[in-house]
Amino acid sequence: MPRPAIPPAAWRPALLEWYAHEARDLPWRRPEFSDRYGAWGTLVSEFMLQQTPVTRVIPHLEAWLARWPTPAAQASATPAEVVHQWANLGYPRRALWLHRAAIEVVERHDGVVPRDVEALLALSGIGDYTARAVAVFSYGDRHPVVDTNTRRVIARAVDGRSQPAPPARADLARMSALLPDDDTDAAAFNAAAMELGAVVCTARSPRCEVCPIAASCAWLAAGRPDTGDERRRQARYEGSDRQARGGVLRALRHAPDHRMPADAVLADWPDRMQRDRAIDSLIADGLLEASDGMLLLPR
DNA sequence: TAAGCGTGGAT
DNA sequence: TATCCAAGCTT
């Protein structure tokens, strides 16, 4: 593996400068957002953004926070309410985990979203990315925030590879070594790396012609070679258990009172065993309840 | 550690 | 039309 020809210090200022002028105007970046919702707003937005695109999150975020503006408010909701409000954002277990995290914040932290990364990591549904995103973007602390965009930017700009390796613990240390010393600059650099990966250094059709760090990019300098792709591929969705689960939950979300006779749920699903398996697994996950031959969202 | 977990827009 | 991809987490 060749050493990077150009040290990161060369492209760090260019990236920060670009971000200062070109960053998208996203709701969670507006001052009034943090004024209103503080770290809770950041936490909710990050839960929604876990594997769901920005453009799909935006319309749901405001309604969610208007309904549950604090962890205490969230904690007093029922699982059925949060699963219904989650609507079609996907991966509905996240709604349950967010609800559980709110309860944990009330019980362990007096209703205040913690600032400490270890305390954040101990909350339901929060991993390396989300914990540091809250500590950095809401509290302004200096930590490496590494998401799929950041990994791709480092893979290309520093390593000269076309796609990043699968996520690894070492990613945190690598990003840490790139961070500016100043807390505010470090936070901006974290956000800027994500932003660059999201809008310029994209997975499929990178726009190198408008990239602010093109002059320092190892991958571009090498002529954008195809260096292979070790990323895990998603399993087929069509005909999967996931699709069945999605169908079951969609039916319950749309049903009056969020309840239906069990027999009527996905009655036309071609594979009866798969339908039953989907229902059982949803119950095991706490996303569904069975009672008297009826299925309902959990209370 | 690798697999499971939704949904819909882009290519 | 089929595949890719998205501010990941849990077990």
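All values derive from a computational prediction rather than experimental measurement. Lettering follows sequence order; numbering is per chain, from 1.
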Asker: My understanding is that only one of A:Val199, A:Thr150, A:Val153 makes a side chain to side chain contact (heavy atoms under 4.5 Å, CB included) with A:Met194; could you say which?
Answerer: A:Thr150
Asker: I'd like the P distance from C:dA7 over to B:dA3, given in whole Å.
Answerer: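 These two P atoms come out 23 Å apart once rounded.
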Asker: Distances for protein N/O vs nucleotides 7-10 of chain B N/O pairs under 3.5 angstrom?
Answerer:
| unit_1 | atom_1 | unit_2 | atom_2 | d |
| --- | --- | --- | --- | --- |
| B:dT7 | O2 | A:Arg56 | NH1 | 2.8 |
| B:dG8 | OP1 | A:Asn88 | ND2 | 2.9 |
| B:dG8 | OP2 | A:Arg250 | NH2 | 3.4 |

Asker: Base, sugar-phosphate alone, or nothing: which one does A:Ser240 contact when heavy atoms must sit under 4.0 Å apart?
Answerer: nothing
Asker: Could you tell me how far apart A:Leu43 (CG) and C:dA7 (P) are, to the nearest whole angstrom?
Answerer: 18 Å
Asker: I'd like the C1' distance from C:dT10 over to B:dG8, given in whole Å.
Answerer: 24 Å
Asker: Just to be sure I understand the rule, does A:Thr148 reach a base, reach only the sugar-phosphate, or reach nothing, if contact means heavy atoms closer than 4.0 Å?
Answerer: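 Sugar-phosphate only.
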Asker: State the CD-CZ distance between A:Gln243 and A:Arg236, to the nearest 0.5 angstrom.
Answerer: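 The CZ atom of A:Arg236 is 9.5 Å from CD of A:Gln243, to the nearest 0.5 Å.
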Asker: How do A:Arg29 and A:Arg236 order along DNA chain C: which one's closest nucleotide is nearer the 5' end?
Answerer: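 Its nearest nucleotide being more 5', the pick is A:Arg236.
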Asker: Between A:Phe137 and A:Leu123, which is nearer to the 5' end of DNA chain C once each is assigned its nearest nucleotide?
Answerer: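 Per heavy-atom nearest nucleotide, the more 5' residue is A:Phe137.
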Asker: Taking atom types as modelled, is there a side-chain donor on A:Tyr129 or A:Gln50 under 3.5 Å from an acceptor on the other?
Answerer: no
Asker: Could you state the atom-to-atom distance from CD of A:Glu238 to P of C:dC4 in whole Å?
Answerer: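 That distance rounds to 15 Å.
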Asker: Look at all strands and tell whether A:Arg152 reaches a base, only sugar-phosphate, or nothing, counting heavy atoms closer than 4.0 Å.
Answerer: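 If one applies the 4.0 Å heavy-atom cut-off, A:Arg152 turns out to touch the sugar-phosphate alone, with no base involved.
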Asker: Rounded to whole Å, how long is the line connecting atom CG of A:Leu26 with atom P of C:dA7?
Answerer: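 My rounded result for the distance is 11 Å.
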Asker: Inspect the contact between A:Arg169 and A:Asp128 and indicate whether a charged nitrogen and a carboxylate oxygen are less than 4.0 angstrom apart.
Answerer: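 Here A:Asp128 pairs with A:Arg169 in a salt bridge, since their nearest N and O are under 4.0 Å apart.
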Asker: Between the side chains of A:Trp64 and A:Gln85, is a donor N or O closer than 3.5 angstrom to an acceptor N or O?
Answerer: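 A:Trp64 vs A:Gln85: no donor-acceptor pair found between side chains.
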Asker: Looking at every strand, decide which applies to A:Arg231 at a 4.0 Å heavy-atom threshold: base, sugar-phosphate, or nothing.
Answerer: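 Sugar-phosphate, no base atom in range.
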Asker: To the nearest angstrom, how far is A:Leu282 atom CG from B:dC5 atom P?
Answerer: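 From A:Leu282 CG to B:dC5 P: 9 Å.
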Asker: Students often get this wrong, so: under 4.0 angstrom with heavy atoms, is A:Leu287 touching a base, only sugar-phosphate, or nothing?
Answerer: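 No contact at all - A:Leu287 keeps every heavy atom at 4.0 Å or more from the nucleic acid.
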Asker: Just to be sure I understand the rule, does A:Asp128 reach a base, reach only the sugar-phosphate, or reach nothing, if contact means heavy atoms closer than 4.0 Å?
Answerer: sugar-phosphate
Asker: Quick one: label A:Ala203 by what it contacts on the DNA or RNA (base, sugar-phosphate, nothing), any heavy atom closer than 4.0 Å.
Answerer: sugar-phosphate
Asker: Can you tell me how far P of B:dG6 sits from CG of A:Leu288, to the nearest Å?
Answerer: 12 Å
Asker: Say you draw a straight line from CG of A:Leu16 to NE2 of A:His21; how long is it, rounded to the nearest 0.5 Å?
Answerer: 11.5 Å
Asker: Just the rounded figure in Å: distance from P of B:dA3 to CZ of A:Arg93.
Answerer: 16 Å
Asker: Tell me what A:Trp86 touches on the nucleic acid: a base, only sugar-phosphate, or nothing, going by heavy atoms under 4.0 Å.
Answerer: nothing
Asker: Can you tell me if the side-chain N/O atoms of A:Arg94 get under 4.0 Å from OP1 or OP2 in B:dC5?
Answerer: no
Asker: Show the numbers, then the answer: is there a side chain to side chain contact (heavy atoms under 4.5 Å, CB included) between A:Ile126 and A:Phe47?
Answerer: CA-CA 8 Å; A:Ile126 295 190; A:Phe47 262 88; 3.8 Å; yes
Asker: Would one find a side-chain N or O of A:Thr52 under 4.0 angstrom from OP1 or OP2 of C:dA7?
Answerer: no
Asker: Rounded to the nearest 0.5 Å, what separation is found between the SG atom of A:Cys201 and the CG atom of A:Asn149?
Answerer: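 Reported value, rounded in 0.5 Å steps: 8.5 Å.
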Asker: Output the rounded distance in Å from CZ (A:Arg233) to C1' (B:dG4).
Answerer: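 So the CZ-C1' distance, A:Arg233 to B:dG4, works out to 18 Å.
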Asker: Tell me: CG of A:Asp229 to P of C:dC4, nearest whole Å?
Answerer: 10 Å
